[in-house]
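The structure under discussion appears below in the form of structure tokens.
These numbers come from a predicted model, not from an experiment. Every heavy atom of this structure was used, including side-chain atoms; hydrogens, water molecules and symmetry mates were not.
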Amino acid sequence: MNNRKFTIRMLRSVDHPGVAQQFAQEQKEVLRAFGVTGVTSAKQAWQSDPNTYMFIAEDVNSGEMVAGMRLDRESDAKPIPMSEALTKISSEFRDLVENLRPLGLAEGCGWWVKDGYAGMGLPGILLRAGVSASPRLGINYIFGFPHQHTKPIMSKYGFIAVDVIGDNGSFVYPDDRYRSTVVELNTQTLHTTPRAERERIFTLRSNPELEVREGNLSLHYYLNYN
């Protein structure tokens, strides 16, 4: 396979409304292709939220945005997307959010990969970028709500189930085809992250504009934010 080159960027949604609109449209199309509707995180309030950061992958050769992920930080003005669904079915989740909010809490959400770019590991690469940048954004804990098909991606980076809620952290959501699990990560210590990946994250954290090669992929990270 030929070498593929991607740029990985971090952008605040309110500072880049055009990119945010494109991101939302791409995500919507991917969800529609999988027959998923009514997912809380697909709503568009995040586009005007100053606490939302987009992580995007762009194909260097075509210039296309081909994959995306968001970090939505919890605030009094707008809770993390998964809260709307989970607080209705788990009072314990509400307490958990209230306890972690002062420490800096966000949700990793809004993943999508454009048709033709699956299988390259881009969702994990974007997650790595988000975890590496989180402390600089005041985000010390990240929650996720992956279903059974995407949970392994988050587990690779050290996310563990919040087993004090639901069925060991799991719920049937968004419909009966999926069992989704509440997972969390301490972005400061990364104590649950496997050593090799923890070292990659810390390297990227120290060098937010870094160019690396992974297998057949060349990745140029641009994760500075002022």
Side-chain angles (χ1 to χ4, degrees), residues 8 23-24 26-43 46 52-57 67-74 79-90 92-94 96-97 100 105-114 117-134 139-187 190-194 197-198 200-201:
I8 309 298
F23 184 114
E26 296 286 0
Q27 181 194 3
K28 182 178 179 181
E29 292 178 4
V30 169
L31 290 173
R32 184 186 298 120
F34 281 94
V36 178
T37 59
V39 179
T40 303
S41 61
K43 296 182 180 179
W46 62 266
T52 294
Y53 298 87
M54 302 176 292
F55 294 82
I56 62 173
M69 183 203 81
R70 302 195 321 267
L71 285 180
D72 285 17
R73 183 173 177 175
E74 173 82 7
I80 54 175
M82 59 197 284
S83 287
E84 182 176 336
L86 281 171
T87 53
K88 295 176 182 177
I89 56 179
S90 172
E92 294 89 353
F93 181 76
R94 186 191 307 273
L96 189 63
V97 169
L100 291 180
L105 170 67
E107 179 184 347
C109 57
W111 268 282
W112 59 270
V113 179
K114 200 165 187 175
Y117 290 86
M120 298 184 185
L122 291 175
I125 289 167
L126 294 173
L127 181 57
R128 178 191 298 151
V131 171
S132 71
S134 288
I139 297 170
N140 296 313
Y141 286 88
I142 300 177
F143 275 170
F145 197 31
H147 55 67
Q148 69 269 26
H149 304 302
T150 56
K151 183 182 176 184
I153 298 173
M154 302 193 81
S155 296
K156 176 184 176 182
Y157 293 89
F159 284 81
I160 58 174
V162 181
D163 57 9
V164 296
I165 62 176
D167 179 11
N168 291 318
S170 296
F171 300 87
V172 174
Y173 182 85
D175 58 44
D176 58 10
R177 294 175 298 170
Y178 299 95
R179 175 161 286 274
S180 299
T181 303
V182 179
V183 296
E184 66 176 348
L185 177 72
N186 183 317
T187 67
L190 301 180
H191 63 281
T192 54
T193 304
E197 188 54 50
R198 184 167 62 243
R200 293 188 187 98
I201 293 170

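- Across all their heavy atoms, Gly144 and Met154 have their closest contact at CA-CE, 3.9 Å.
- The CG atom of Leu86 lies 10.5 Å from the CZ atom of Arg94; values are rounded to the nearest 0.5 Å.
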I'd like a table of donor-acceptor pairs (distance under 3.5 Å, sequence neighbours excluded) in which one partner is a side-chain atom from residues 118-131, with atom names and distances.
| from | atom 1 | to | atom 2 | distance (Å) |
| --- | --- | --- | --- | --- |
| Arg128 | NE | Glu197 | OE2 | 2.7 |
| Arg128 | NH1 | Glu214 | OE2 | 2.4 |
| Arg128 | NH1 | Tyr221 | OH | 3.2 |
| Arg128 | NH2 | Glu197 | OE1 | 3.2 |

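- Between Ser170 and Thr181, the shortest heavy-atom contact is OG-OG1, 2.8 Å.
- Using cut-offs of 30° and 60° on the angle between ring planes, the pair Phe143 and Phe93 is tilted.
- Contact annotation: the side chain of Tyr178 approaches that of His149 to within less than 4.5 Å [non-hydrogen atoms, C-beta and beyond].
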| Worked check of side-chain contact (heavy atoms from CB on, under 4.5 Å) between Thr193 and Leu185 | CA-CA 8 Å; Thr193 304; Leu185 177 72; 3.6 Å; yes

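- Within the 4.5 Å cutoff, the side chain of Ser134 has heavy atoms near those of the Leu71 side chain.
- At least one donor-acceptor pair under 3.5 Å links the side chain of Glu74 to the backbone N or O of Ile80.
- Once rounded to the nearest 0.5 Å, the distance linking CD1 of Ile8 with CE of Met69 reads 10.5 Å.
- Nearest heavy atom pair, residue Arg70 against residue Gly110, reads NH1-CA, 3.7 Å.
- For Phe171, the CZ atom sits in a packed shell: over 12 heavy atoms of surrounding residues, nucleotides or ligands are nearer than 6.0 Å.
- Considering all non-hydrogen atoms of both residues, His191 and Asn186 come closest at CE1-CB, 4.0 Å.
- Under the 30°/60° scheme for interplanar angles, the aromatic rings of Phe23 and Trp112 are found to stand perpendicular.
- A heavy-atom distance below 4.5 Å is not found between the side chains of Leu105 and Arg73.
- Summarising the geometry of Ile142 relative to Gly108, their closest heavy-atom pair is CG2-N, 3.6 Å, with the distance given to 0.1 Å.
- Two rings, from Tyr173 and Phe145, have their centers less than 6.0 Å apart.
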| Step-by-step side-chain contact (heavy atoms from CB on, under 4.5 Å) determination, His147 to Arg179 | CA-CA 5 Å; His147 55 67; Arg179 175 161 286 274; over 6 Å; no

| Chi angles and distances behind the side-chain contact (heavy atoms from CB on, under 4.5 Å) call for Leu190, Tyr157 | CA-CA 9 Å; Leu190 301 180; Tyr157 293 89; over 6 Å; no

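- Side chain of Thr192 to backbone of Gly158: a donor-acceptor contact under 3.5 angstrom is found.
- Between the OG atom of Ser180 and the CE atom of Met82 there is a distance of 9.0 Å, given to the nearest 0.5 Å.
- Considering every non-hydrogen atom in both Ile139 and Thr187, the closest pair reads O-OG1, 2.8 Å.
- Distance alone, capped at 3.5 Å, places no donor-acceptor pair between the Glu107 side chain and the Pro79 backbone.
- Gln27 CD to Lys114 NZ: the interatomic distance, rounded to the nearest 0.5 Å, is 14.5 Å.
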| task | Please step through side-chain contact (heavy atoms from CB on, under 4.5 Å) for the pair Ser83 and Val97, ending with a clear verdict. | result | CA-CA 8 Å; Ser83 287; Val97 169; 4.2 Å; yes

